[in-house]
Amino acid sequence: MPDVGEGLTEAEILKWYVQPGDTVEDGQIVCEVETAKAAVELPIPFDGTVHELRFPEGTTVDVGQVIISVNVGGGAAPEAPAAPVAAPAPAAAPAPAAVAPAAVEEEAAPQGRTPVLVGYGVAASSTKRRPRKPAPGTAQAAPAAPVQAAPAAVSVPEQLNGHAPAGARPLAKPPVRKLAKDLGVDLTTVTPTGPDGIITREDVHAAAAPAPAPVAPAPAPAAIPAPTSVVAPAAVVSTDTRETRVPVKGVRKATAAAMVGSAFTAPHVTEFVTFDITRTMKLVEELKSGKDMAGLRVNPLLLIAKAVLVAVKRNPEINAAWDEAAQEIVLKHYVNLGIAAATPRGLLVPNIKDAHAQTLPELSASLSELVSTAREGKTTPAAMQGGTFTITNVGVFGVDTGTPILNPGESAILAVGAIKLQPWVHKGKVKPRQVTTLALSFDHRLVDGELGSKFLADIAAVLEQPKRLITWA
């Protein structure tokens, strides 16, 4: 299982596109996995025949575990001399244990070179699998011969000629090393309990227990569900007729962790403005029938996004981030505009890169692509990184407004409420007008009340008089 999301520790296998006996080619998609950030399709980097699928669909697998075995060269494993493998083994001893991506495992050549899916380098052999709660009745049994032969082939002590060299680096996966660093645990003092002498997360926690080390951040969010997102049916585990328990994992787990971290790190302030958006609604209808926007999706969110970009230009300090480590405010001279999207896998916030430089037709095309990709579950991790400002449209659910929580790493977020026909004083008379409410939450460490108020008022002013899209741009 490769690390497809910059340091993520696990992924769930959503779907296999191949079965044992199928022929695969270099670059062919073999499975789809879901990380805490997105669903990702994994290609195979060689030609061969599928020998074994190590885990069934619905299984959560740690990064570094082998998930598929493929026979290359028509099923015959290429022979490799022992010397090239044995020579670098002492210097690169941690590699097989620290990282073991989805790769080919060859029964006849346990010492052969193992290709990998992503940039982990080359492991001398595969690691022993450890399934995590496979779905009942779906586990695929491995042939007896490979299972019996695997321990002898992958044993780390045997690769080190029967013993670990003095001063050797402890065997642990990268996420475990990071956990140990966060907890202040010296891995050389930890007794490993994992297969082949690998230090596990439990070993690190056990070693940290007697010391006044901080609690590891990863387990905490798992106890905090995010009740607003939709969970795929496969993730639901019913215990009886009165309760249903849903595992907290994937996108939901990441969202919970991010929101808890944001809520208890950044001091949130929320301001509201209610205004007449009738002229903008009329402009939406005019643009729909115009030639300039032919074939493009035009809706209120498009003009709201454009109004936000105009307001950012007039108040650039709103587009910033707080760097806690450096104790600095980072002003961003670009706008990566995030749009919160509700999907069957949970809440995703992909962003439009350099939205500030796009014309209205370009922004419309970008919004359409962003939303459709998110709803199809094809949003990539890269599309959700680097955001500078976020819009969340709660009005589509008929909600008047809300107090949104900041997306981590950003200083402000705008909630758009429902647009409703209401009595409104217009030109000295009470008339029915289209009215909406915007809510702006911001980080009070770097955005004070004056800046937040000016920014929010500018957005409302543009939407009340959309001609300002031209005069203020």
Side-chain angles (χ1 to χ4, degrees), residues 29 32 38-41 230 276-313 319 334-345 347-398 413-421 433-436 438 458-473:
I29 301 299
E32 181 182 16
V40 181
E41 292 180 331
V230 181
D276 181 358
I277 197 174
T278 304
R279 290 185 178 91
T280 290
M281 298 302 291
K282 290 181 179 178
L283 179 57
V284 168
E285 296 304 318
E286 292 175 6
L287 291 174
K288 285 182 178 179
S289 59
K291 295 181 179 180
D292 292 338
M293 302 294 289
L296 296 174
R297 184 175 182 180
V298 180
N299 56 22
L301 180 61
L302 171 62
L303 295 186
I304 292 171
K306 193 64 175 178
V308 166
L309 296 173
V310 171
V312 168
K313 184 178 180 180
N319 190 48
Y334 58 91
V335 182
N336 289 348
L337 185 61
I339 305 295
T343 74
R345 292 193 177 112
L347 181 66
L348 302 179
V349 189
N351 60 78
I352 301 172
K353 309 300 183 186
D354 293 325
H356 66 286
Q358 296 190 2
T359 63
L360 193 64
E362 291 171 341
L363 187 61
S364 174
S366 296
L367 277 171
S368 297
E369 181 181 2
L370 178 148
V371 173
S372 62
T373 301
R375 289 175 178 172
E376 291 171 2
K378 302 300 183 181
T379 301
T380 64
M384 293 185 287
Q385 296 168 4
T388 65
F389 186 92
T390 295
I391 298 174
T392 177
N393 187 6
V394 297
V396 296
F397 304 108
I413 180 173
L414 182 75
V416 180
I419 299 173
K420 298 180 179 179
L421 193 66
R433 303 286 287 181
Q434 298 282 356
V435 177
T436 191
L438 301 180
D458 279 353
I459 298 174
V462 170
L463 295 172
E464 279 185 323
Q465 297 285 348
K467 65 182 180 182
R468 291 186 174 120
L469 288 171
I470 300 174
T471 58
W472 286 6

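If you read the sequence from its start, that first residue is 1, and numbering goes on from there.
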Peer 1: Does Arg297 reach the side chain of Leu302, with side-chain heavy atoms less than 4.5 Å apart?
Peer 2: no
Peer 1: Can you tell me how far the NZ atom of Lys306 sits from the CG atom of Leu301, to the nearest 0.5 Å?
Peer 2: 13.5 Å
Peer 1: Answer yes or no: is there a donor N or O on one side and an acceptor on the other, between the side chain of Ser366 and the main chain of Glu362, under 3.5 Å?
Peer 2: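 Yes, because the side chain of Ser366 sits within donor-acceptor range (under 3.5 Å) of the backbone of Glu362.
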Peer 1: Distance check, rounded to the nearest 0.5 Å: Gln385 atom CD versus Asn351 atom CG?
Peer 2: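 One gets 9.0 Å once the value is rounded to the nearest 0.5 Å.
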Peer 1: Measure across Pro361 and Asp292 and return the closest heavy-atom pair with its distance rounded to 0.1 Å.
Peer 2: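 Looks like CG-O, 4.3 Å.
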Peer 1: Between Met293 and Ser364, what is the shortest heavy-atom contact and its length?
Peer 2: CE-CB, 3.9 Å
Peer 1: Check whether any side-chain N or O of Thr343 sits under 3.5 Å from a backbone N or O of Arg375 as a donor-acceptor pair, and report yes or no.
Peer 2: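 No, because the side chain of Thr343 does not come within donor-acceptor range (under 3.5 Å) of the backbone of Arg375.
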Peer 1: How many angstroms lie between atom OG1 of Thr380 and atom CD of Glu41, to the nearest 0.5 angstrom?
Peer 2: 12.0 Å
Peer 1: Hey, does the side chain of Thr278 reach the backbone of Arg433 with a donor-acceptor pair shorter than 3.5 angstrom?
Peer 2: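 Flag not set: sc Thr278 to bb Arg433 has no pair under 3.5 Å.
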Peer 1: Just do the side chain to side chain contact (heavy atoms under 4.5 Å, CB included) check on Leu287 and Leu303 with the steps written out, would you?
Peer 2: CA-CA 10 Å; Leu287 291 174; Leu303 295 186; 4.1 Å; yes
Peer 1: Is Glu285 salt-bridged to Lys282, cutoff N-O under 4.0 Å?
Peer 2: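 No, this pair does not count.
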Peer 1: List the atom of Ile459, the atom of Ala311, and the distance in Å for their closest heavy-atom pair.
Peer 2: CG1-CB, 3.6 Å
Peer 1: First locate atom CG of Leu463, then atom CZ of Arg468, and finally report the distance between them rounded to the nearest 0.5 Å.
Peer 2: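 Nearest 0.5 Å value for the CG-CZ distance: 10.5 Å.
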Peer 1: Can any side-chain N or O of Asn319 pair as donor or acceptor with the backbone N or O of Val312 at less than 3.5 Å?
Peer 2: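 Side chain of Asn319 to backbone of Val312: no pair is present.
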Peer 1: Within this structure, what is the CD1-CD1 distance for the pair Ile304 and Ile277, rounded to the nearest 0.5 Å?
Peer 2: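 With rounding to 0.5 Å, CD1 (Ile304) is 5.0 Å from CD1 (Ile277).
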Peer 1: Closest approach of Leu348 and Ala374, non-hydrogen atoms and distance?
Peer 2: CD1-O, 4.4 Å
Peer 1: Among Asp354, Ile391, Thr388, Leu367, which one satisfies side chain to side chain contact (heavy atoms under 4.5 Å, CB included) with Leu337?
Peer 2: Ile391
Peer 1: Hey, what do you get for CD1 (Ile419) to OG1 (Thr436), rounding to the nearest 0.5 Å?
Peer 2: 5.0 Å
Peer 1: Does Asp276 reach the main-chain N or O of Glu464 with its side chain, forming a donor-acceptor pair under 3.5 Å?
Peer 2: no
Peer 1: With heavy-atom distances below 4.5 Å as the criterion, would you say the side chains of Asn336 and Lys353 are in contact?
Peer 2: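 Sidechains of Lys353 and Asn336: in contact.
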Peer 1: State, with a plain yes or no, whether a side-chain heavy atom of Phe389 is found less than 4.5 Å away from one of Leu309.
Peer 2: no
Peer 1: Please determine if Glu286 and Arg279 form a salt bridge, counting it only when a charged side-chain N lies under 4.0 Å from a carboxylate O.
Peer 2: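 Answer for the salt bridge query: no.
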Peer 1: Do Val416 and Val396 have side chains that approach each other closer than 4.5 Å (heavy atoms only, starting at C-beta)?
Peer 2: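 No; the side chains remain at least 4.5 Å from each other.
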Peer 1: Could you report the tightest heavy-atom contact between Gly386 and Tyr334, atom names first, then the distance?
Peer 2: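 Answer, listing the atom of Gly386 first, then Tyr334: O-CE1, 4.5 Å.
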Peer 1: The test is side chain to side chain contact (heavy atoms under 4.5 Å, CB included); show your working for Val462 and Thr280 and say whether it passes.
Peer 2: CA-CA 9 Å; Val462 170; Thr280 290; over 6 Å; no
Peer 1: Considering all heavy atoms of both residues, which atom of Leu363 and which atom of Ala355 are nearest to each other, and what is their separation?
Peer 2: CD1-CB, 4.3 Å
